Amino acid sequence: MTNFYLTGSINVPDVDAAFALVGENLQPNVLRVPDGEPGDRANWVLTQRDLFLDNPTLDVVGDRARVRPGVAVEFRDVDYHSVAAASYQRFVEARRTGVLLPESRFLVSIPTPFNAVNSFVEFDSQVEVALAYEQALRRSVEELFSLVPASDLAVQWDLPTELATVEGWFPNPYPGNEAIFAATARLASWIPAEAELTFHLCYGDSKFGASPFMGDPPDAEAAARGGRHILPRDASAIVTVANGLSRHVGRRIDAIHAATVATWNRRAHWQPLQNLAVEPSTEIFLGLLHAEDGAEGARDRAAIASEFLPGFGISTECGLGRHSHDQLDAVVAAYRELAGTRELASA
């Protein structure tokens, strides 16, 4: 087990700084290494906006696209591969010069089509548009593997909309949850066996109120405070999604990262984990480490979770891109404390 997991974004100025931070502070327990997603990519799926809202095959009303009657939906090129290939060259150099360990693998994270259409497409058009976008996205993923050796890659699919829909926070445009898992499995089938496949089950970053997963603030005080206004009750949706992926994905799933909530401090919050039914080869990482209570809080949550799940690694709830510099320093310090006492994994 690699013990600690990074989901993609890091609040650093460039990819070289991301690799340096990982190599100096987080290895050997982090071997799937992202490039930090600097610049515009910190906006996650919002980088895909123009593909939907400036698309001649779609009608656009306000900030939402919809199917144009009688017109087949098409997308111009989706490009996750070019920037990944450029970052991979810096990754290779960092590994060659000893900044990163020789066994490091380059992690590329990609939001699923469901996340894109949830952000830009009217509800009744989401399934049809997602399928067309999927075809364009596949071309980008195939191009990625023509540019970067599969044996050096880990591909992470980001699933916040999937998780939020299973929670019941969003209406489901598909016939049911099984159709969501089947759509995700199609994406997984694109990943060659030589590459690693991981999933990021995310609720968004609870420090910020901008995410659609946070809910509308109930009053002015809550709006000023920021942070999440809707909290998942417990780990039930995480288990539902993880088990659904395990049923539908035909190839090996190497890791599943699951966001959790700092306020989950009772056995009832974690009890659903006893129903997790993924394959033994799938690593599970729980987002137990929060900047506000550091190593001590992670220990407390891990102690409860381990009553119901015998082995797991640790992560933060989401990426580190939206952490302030002080919060990033706090997470790194907590990680180093846990690593120093060999507490990063419960197995």
Side-chain angles (χ1 to χ4, degrees), residues 1-10 22 25-32 34 107 109 156 158-160 163 167 198-208 213 227-228 231-242 255-276 278 282-323 327-347:
M1 177 171 282
T2 52
N3 304 129
F4 196 74
Y5 190 89
L6 292 176
T7 64
S9 66
I10 305 172
V22 173
N25 297 284
L26 305 181
Q27 290 197 324
N29 290 302
V30 172
L31 294 179
R32 300 177 182 102
L107 175 74
S109 59
Q156 169 189 291
D158 297 340
L159 308 181
L163 187 61
E167 281 280 3
T198 75
F199 292 103
H200 172 37
L201 279 53
C202 182
Y203 287 111
D205 193 320
S206 65
K207 294 187 298 303
F208 296 88
F213 310 112
R228 184 177 284 125
L231 293 174
R233 182 187 64 182
D234 56 28
S236 295
I238 290 169
V239 171
T240 296
V241 174
I256 295 175
H257 167 270
T260 70
V261 180
T263 54
W264 284 0
N265 56 12
R266 296 290 186 269
R267 297 177 76 251
H269 292 125
W270 300 98
Q271 185 181 22
L273 292 176
Q274 68 187 4
N275 296 318
L276 197 64
V278 299
T282 299
E283 294 181 272
I284 299 295
F285 294 87
L286 300 179
L288 304 173
L289 180 55
H290 296 260
E292 59 264 35
D293 60 7
E296 182 178 359
R299 285 191 195 99
D300 291 344
R301 288 181 282 275
I304 306 172
S306 63
E307 295 185 43
F308 306 103
L309 185 65
F312 54 84
I314 290 178
S315 181
T316 51
E317 62 175 337
C318 193
L320 299 173
R322 294 179 180 85
H323 284 58
Q327 289 166 334
L328 180 60
D329 289 345
V331 165
V332 170
Y335 160 83
R336 293 172 69 93
E337 180 178 340
L338 294 168
T341 53
R342 300 183 181 274
E343 297 176 87
L344 278 175
S346 64

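Residue numbers start at 1 and run along the sequence shown. These numbers come from a predicted model, not from an experiment.
Residues A305 and L273 approach most closely at CB-CD1, 4.2 Å, considering heavy atoms. Between A291 and A330 the shortest heavy-atom distance is O-CB, 4.0 Å. The minimum heavy-atom distance between H269 and T263, with the atom names listed, is CE1-O, 3.6 Å. In terms of heavy-atom proximity, L289 sits nearest to A295 at CD1-N, 4.2 Å. Residue Y203 comes nearest to A237 through the heavy atom pair OH-CB, 3.8 Å, listed as atom of the first residue, atom of the second, then distance. Across V261 and P232, no two heavy atoms sit closer than the pair CG2-CG, 3.4 Å.
The CG atom of L159 sits 5.5 Å away from atom CG of L201, with the distance rounded to the nearest 0.5 Å. Separating the OH atom in Y335 from the CG atom in L6 is a distance of 9.0 Å, to the nearest 0.5 Å. In this structure, CD in E317 is found 9.0 Å from NE2 in H200, a value given to the nearest 0.5 Å. Annotation: the span from L288 atom CG to T260 atom OG1 amounts to 4.5 Å, rounded to 0.5 Å. The distance from the CD atom of Q274 to the CZ atom of R267 is 8.5 Å, given to the nearest 0.5 Å. Distance check, rounded to the nearest 0.5 Å: OG1 of T240 to CG of L163 gives 9.0 Å.
Looking at S315 and H257, their side chains do bring a donor and an acceptor atom within 3.5 Å of each other. Residues E283 and Y5 bring no donor and acceptor atom of their side chains to less than 3.5 Å of each other.
Using a 4.5 Å cut-off on side-chain heavy atoms (C-beta onward), D293 and R301 make contact. The shortest side-chain heavy-atom distance between S306 and F312 falls under the 4.5 Å cut-off. F285 is not listed as a side-chain neighbour of T198, based on a closest heavy-atom distance of 4.5 Å or more. Looking at heavy atoms from C-beta onward, I314 lies out of side-chain contact with N3 at the 4.5 angstrom threshold.
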Would I304 and R266 satisfy side-chain contact (heavy atoms from CB on, under 4.5 Å), going step by step from the backbone distance to the final call? CA-CA 7 Å; I304 306 172; R266 296 290 186 269; over 6 Å; no
Give the C-alpha distance, both sets of side-chain angles, the deciding distance and a yes or no for side-chain contact (heavy atoms from CB on, under 4.5 Å) between L338 and F4. CA-CA 10 Å; L338 294 168; F4 196 74; over 6 Å; no
Test log, rule side-chain contact (heavy atoms from CB on, under 4.5 Å), inputs N25 and R336: CA-CA 7 Å; N25 297 284; R336 293 172 69 93; 3.3 Å; yes
Apply side-chain contact (heavy atoms from CB on, under 4.5 Å) to N265 and D300, showing your working. CA-CA 8 Å; N265 56 12; D300 291 344; over 6 Å; no
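Of the possible polar contacts, none joining the S236 side chain to the P272 backbone as a donor-acceptor pair under 3.5 Å is found.
Listed by chain and number, the residues in a side chain to side chain contact (heavy atoms under 4.5 Å, CB included) with S109 are E37, Q156, D158 (sequence neighbours excluded).
Classification of the W264-W270 ring pair by plane angle, with boundaries at 30° and 60°, yields perpendicular.
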